[in-house]
Amino acid sequence: MRFWLLRSEPDVYGWDHLIRDGETEWDGIRNYTARNFLKEMTPGDRAIFYHSNKEKAAVGVMEITRAWKPDGENGTWASVAVRPIEKLPTPVPLATIKAEPRLATLEVLRQSRLSVTPVRDAEWAVLMELGGLG
DNA sequence: GCCAACGTTGGC
DNA sequence: GCCAACGTTGGC
């Protein structure tokens with residue numbers, strides 16, 4: 001099982017939308033690096049739901065429920081399906097993530113504009129700990 | 001509102 | 001194929 005971080009603007013599609021939908025298609029990604037990560041996902045993988053923009057915090061845990069399928073007209077892009085598992089008892093703000101030495105290597109910090117990034121096992125454990133699911 | 005980062009585009 | 005210009009995005 002692998003771990004990921006998926007970012008979305010909460011005004012556009014946030015955790016509450018995911019709860020309402022129960023399961024959703026993580027589509028509309030139009031960045032090649034992000035798409036390649038989507039293609040690496042397998043059912044059962046876990047992902048942090050991160051709210052960008054005004055909130056800037058990790059807010060919940062999701063499960064990848066279906067491997068990628070083509071997204072869009074020409075088959076260039078990919079989407080996966082996700083479902084919510086659990087809301088983080090304590091959302092983890094970006095400031096906290098940046099201040100945590102054990103998260104210094106977190107990929108989303110290194111490539112801040114990527115909306116789909118991998119999370120290493122050790123980093124995942126730290127994020128769960130900070131989020132109150134340790 | 002601005003800026004930094006960085007992906008994309010188009011001219012050469 | 002290179003690179004400057006431009007557009008987009010997210011954080012501050």
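In what follows, chains carry the letters A, B, and so on, assigned in the order in which the sequence lines appear, proteins first and then strands, with residues in each chain numbered from 1.
- Linking Ile, Leu, Val, Met, Phe, Trp and Tyr residues whenever their side-chain heavy atoms come within less than 4.5 Å places A:Leu88 and A:Trp124 in a single cluster.
- Surrounding CZ of A:Arg110 are at most 12 heavy atoms belonging to other residues, nucleotides or ligands under 6.0 Å away.
- Taking the six-membered ring where the residue is Trp, A:Trp77 and A:Tyr32 present tilted rings, their angle falling between 30° and 60°.
- A straight line from CG of A:Leu114 to C1' of B:dA5 spans 11 Å, rounded to a whole angstrom.
- Between A:Gln111 atom CD and B:dA5 atom C1' the separation is 10 Å, expressed in whole Å.
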- [ ] For A:Glu23 and A:Arg66, run salt bridge (charged side-chain N to carboxylate O under 4.0 Å, His left out): C-alpha distance rounded to whole Å, both residues' side-chain angles, the deciding distance at 0.1 Å, then the answer.
- [x] CA-CA 10 Å; A:Glu23 185 174 19; A:Arg66 198 210 61 241; over 6 Å; no
Open item on the list: Determine whether A:Arg46 and A:Met1 satisfy the following criterion, side-chain contact (heavy atoms from CB on, under 4.5 Å), listing intermediate values before the conclusion.
Closed with: CA-CA 7 Å; A:Arg46 299 291 167 98; A:Met1 188 210 301; 3.5 Å; yes
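- Linking ILVMFWY residues whenever their side-chain heavy atoms come closer than 4.5 Å, directly or via other members, places A:Val116 and A:Trp68 in the same cluster.
- Using a 30° and 60° split on the angle between ring planes, A:Phe49 and A:Trp26 fall in the perpendicular class, above 60°.
- Straight-line distance from the CD1 atom of A:Ile29 to the C1' atom of C:dT8: 14 Å, rounded to whole Å.
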Output a table of nitrogen or oxygen pairs between the protein and nucleotides 9-12 of chain C separated by less than 3.5 Å.
unit_1	atom_1	unit_2	atom_2	d
C:dG10	OP2	A:Glu9	OE2	3.1
C:dG11	OP1	A:Tyr50	OH	3.0
C:dG11	OP2	A:Asn53	N	3.0
C:dC12	OP1	A:Lys98	NZ	2.6

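- By the criterion of side-chain heavy atoms lying less than 4.5 angstrom apart, applied directly or through intervening Ile, Leu, Val, Met, Phe, Trp or Tyr residues, A:Leu5 is grouped together with A:Ile97 in one hydrophobic cluster.
- No contact: A:Arg30 has no heavy atom under 4.0 Å from any strand.
- The bend of the helix from B:dG1-C:dC12 to B:dC12-C:dG1, defined by the angle between the axes of its first five and last five pairs, stands at 10° to the nearest 10°.
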